[in-house]
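Note on naming: letters A, B, ... go to the chains in the order of the sequence lines (proteins, then strands), and numbering restarts at 1 for each one.
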Number of protein chains: 2
Amino acid sequence: MPTQKELAKLAGVSSGTVSNVISGSVPVGERSREKVLKAIRELNYQPNLIARSLRTNRTHTVGIIVPDITIPFFPKVIRGAESAARERGYFVVVAESEGSSEREAELIALLRSQRVDGILLIVAAGAKRPPLSSSDLPVVYLDRLPDGFEVDSVCVDDRAAAEMGIVHLLSMGHRRIAILTGPLTLKNEQERLRGYRQAFKKSGVPVQESLIWSSSFNLEEVMSVCQKGLLKPRNRPTALFTTNGLSGMGALRSIIASGLSTPRDIAFVTFDELTSEDIFRPAITSIVQPASEIGSRGMEILIDRINTGSVTGPRKKIRLPAMLAVRESSGVMLQKRKTL
Amino acid sequence: MPTQKELAKLAGVSSGTVSNVISGSVPVGERSREKVLKAIRELNYQPNLIARSLRTNRTHTVGIIVPDITIPFFPKVIRGAESAARERGYFVVVAESEGSSEREAELIALLRSQRVDGILLIVAAGAKRPPLSSSDLPVVYLDRLPDGFEVDSVCVDDRAAAEMGIVHLLSMGHRRIAILTGPLTLKNEQERLRGYRQAFKKSGVPVQESLIWSSSFNLEEVMSVCQKGLLKPRNRPTALFTTNGLSGMGALRSIIASGLSTPRDIAFVTFDELTSEDIFRPAITSIVQPASEIGSRGMEILIDRINTGSVTGPRKKIRLPAMLAVRESSGVMLQKRKTL
DNA sequence: GTGAAAGCGCTAACAA
DNA sequence: TTGTTAGCGCTTTCAC
């Protein structure tokens with residue numbers, strides 16, 4: 001692969017001039033510039049970003065760590081982040097923590113070794129403390145926030161979003177509404193549970209503590225917790241709300257495995273969309289997060305931090321509104337669906 | 001961030017010795033090694049991969065370019081590639097071409113600038129010639145092959161796989177089986193169509209050319225082609241086979257939009273799974289590709305090329321078998337499904 | 001076994 | 001406006 005030195009020789013100028021032409025930061029005479037551009041074309045020169053990064057101590061690359069790339073929510077976040085990055089001349093490298101904090105730590109170390117300029121992080125699980133602090137390397141937390149620490153973050157207003165889902169079920173006449181959460185070590189899971197309580201409180205319906213179930217991000221565990229709750233027909237809730245896509249998936253499987261169907265035997269609403277397609281039945285009523293926007297806003301904040309080099313100062317906390325997509329599983333056909 | 005020079009100073013040795021300790025390629029005395037390791041711990045040293053790459057001219061990174069990260073097939077391929085890479089000490093950077101050849105070319109240029117050691121490529125669309133040749137930078141084509149060029153590649157046996165799907169429909173008694181393909185500039189689309197013909201030929205049923213439809217990878221266009229074919233009840237096929245996930249999605253939407261349902265009004269089988277979940281109805285009978293294995297085998301071949309530096313020599317062409325997952329949309333319940 | 005030093009390709013400061 | 005040069009952090013000879 002050709003280097004600037006070779007370009008310089010071919011063009012008959014110094015390598016400094018070549019660099020100036022390429023960077024455009026220093027004006028270069030018309031004749032020299034022409035010769036350099038010609039040489040670039042002739043040799044099919046591609047700048048060596050490795051060398052540039054070593055020199056400038058900037059890679060124009062940010063890492064994004066997500067727990068699981070096969071869950072529909074995360075690719076959408078990545079998309080949003082990627083396009084915001086591209087607009088600003090940054091590259092994105094995607095890494096998957098597989099829901100493991102150890103792997104997450106490895107990935108962070110790796111990204112640091114690769115000298116990324118910053119990291120967008122969706123934490124693997126409920127770490128006690130943030131796995132990374134901005135005083136170290138700029139980081140913006142997405143979706144899942146470390147509890148009780150001041151960090152830059154973008155997520156939905158979890159409490160309001162969950163409340164909206166529960167209010168919907170209450171308005172459909174349900175009273176025995178169970179909630180199945182993920183690990184309550186995660187702040188957003190806590191918030192979503194809080195939204196549940198808040199909805200009940202506002203409507204004056206008493207909460208039944210026995211209908212509050214929580215589990216992990218492990219599908220088997222989720223299913224077992226859920227099955228147990230659905231077991232006895234007499235105590236069975238008439239509606240079920242799950243606080244994340246994985247729990248929703250587990251719950252839906254459990255419902256089907258129990259021989260029940262939705263919305264006939266039990267109404268069902270979940271946080272996040274279980275599939276990105278809307279042509280499958282049962283169509284799931286869900287709380288839809290602005291996934292792409294979470295990614296793009298996060299990236300904007302991150303690149304801002306990188307460019308201004310402001311590692312201190314007040315943290316940005318962005319709370320975006322979620323949307324309730326009423327479909328079939330919660331029990332009504334409000335109107336003929338347009339999409340089909 | 002600490003450098004080897006700083007480690008050297010702290011440990012009281014030369015920076016060459018530090019490097020030898022870290023790389024392990026040159027034996028180092030017990031005492032020096034201890035001091036260096038201690039310094040590494042004390043300063044929380046992270047090697048600068050940028051500098052190392054500049055020096056060694058190797059990044060231990062490979063790029064993978066996929067058309068669309070939100071289509072379930074591709075994340076699975078990425079997963080397989082990633083884990084094979086990790087086992088061999090390589091990193092993966094994921095890039096998305098969005099189905100555009102121009103974007104693909106940009107991404108290739110970018111990855112070259114980043115000096116990746118090789119590329120796994122799922123081409124955006126039917127390019128006339130391979131966008132990248134291994135004499136340039138090691139590349140392995142996955143899933144979609146450039147027609148008529150000798151390249152390293154991994155994909156399923158498209159013809160046999162499609163044939164399997166059609167044989168299934170024929171065995172269900174269907175004779176008017178339509179096929180909807182993607183762009184026939186892609187070799188694997190051609191092959192899948194060939195499998196269709198082959199199945200008919202072997203079974204002695206004549207092919208009706210009017211039931212061979214083809215379109216692009218644009219969902220709207222797919223739907224319009226499909227709608228047209230489904231329009232008149234008299235000529236309507238009794239079964240529809242689509243050769244890729246996107247066409248399958250478009251077809252299913254069209255079927256529903258036409259007020260038809262599957263398998264009642266029309267049997268339906270598609271290449272690729274339309275959703276990774278099996279709890280939605282209608283459950284789609286589909287040709288399932290070993291996505292993860294496509295990724296991992298491709299990565300093995302690629303890293304092999306990189307390590308041996310063999311840019312010439314015979315190309316590896318891996319053909320993996322696909323699997324027919326009989327579910328509901330093709331018309332029978334062969335047995336009670338275990339998964340639910 | 002260890003240290004000194006060259007140089008990977010680039011940028012940026014300085015000199016001319 | 002252009003050329004010269006130091007040096008980013010690392011690996012890798014080459015002496016010692």
Gap between atoms NE2 and P, on A:H60 and C:dC10 respectively (whole Å): 17 Å
Strictly under 3.5 Å: I want the nitrogen or oxygen pairs between protein and nucleotides 14-16 of chain D, one per line.
none

Heavy-atom side-chain proximity of B:F217 to B:D68 below 4.5 angstrom: no
Watson-Crick or G-U stems of DNA chain D, 3 or more pairs, under 3.5 Å, by first number: C:1-16 with D:1-16
Evaluation steps, side chain to side chain contact (heavy atoms under 4.5 Å, CB included), between B:I69 and A:I69: CA-CA 9 Å; B:I69 201 182; A:I69 201 183; 3.8 Å; yes
Lys/Arg-Asp/Glu bridge criterion (N-O < 4.0 Å) met for A:R86, B:E98: yes
Contact state string [nucleotides 1-11 of chain D, B base, S sugar-phosphate only, - no protein heavy atom under 4.0 Å]: SBBB-BBBBBB
Where B:R52 and B:I22 come nearest, the two heavy atoms and their spacing: NH2-CG2, 3.8 Å
A:E106 and A:R103 ion-paired at < 4.0 Å: yes
Nearest-0.5 Å distance that lies between atom CD1 in B:I301 and atom CD1 in B:I306: 12.0 Å
Residues B:D152 and B:K316 bridged, charged N to O under 4.0 Å: no
Salt-bridge contact A:R79-A:E82 (side-chain N to carboxylate O under 4.0 Å): no
B:K317, NZ: over 12 other non-hydrogen atoms inside 6.0 angstrom: yes
B:N188 side, atom CG; B:R144 side, atom CZ - distance, nearest 0.5 Å: 7.0 Å
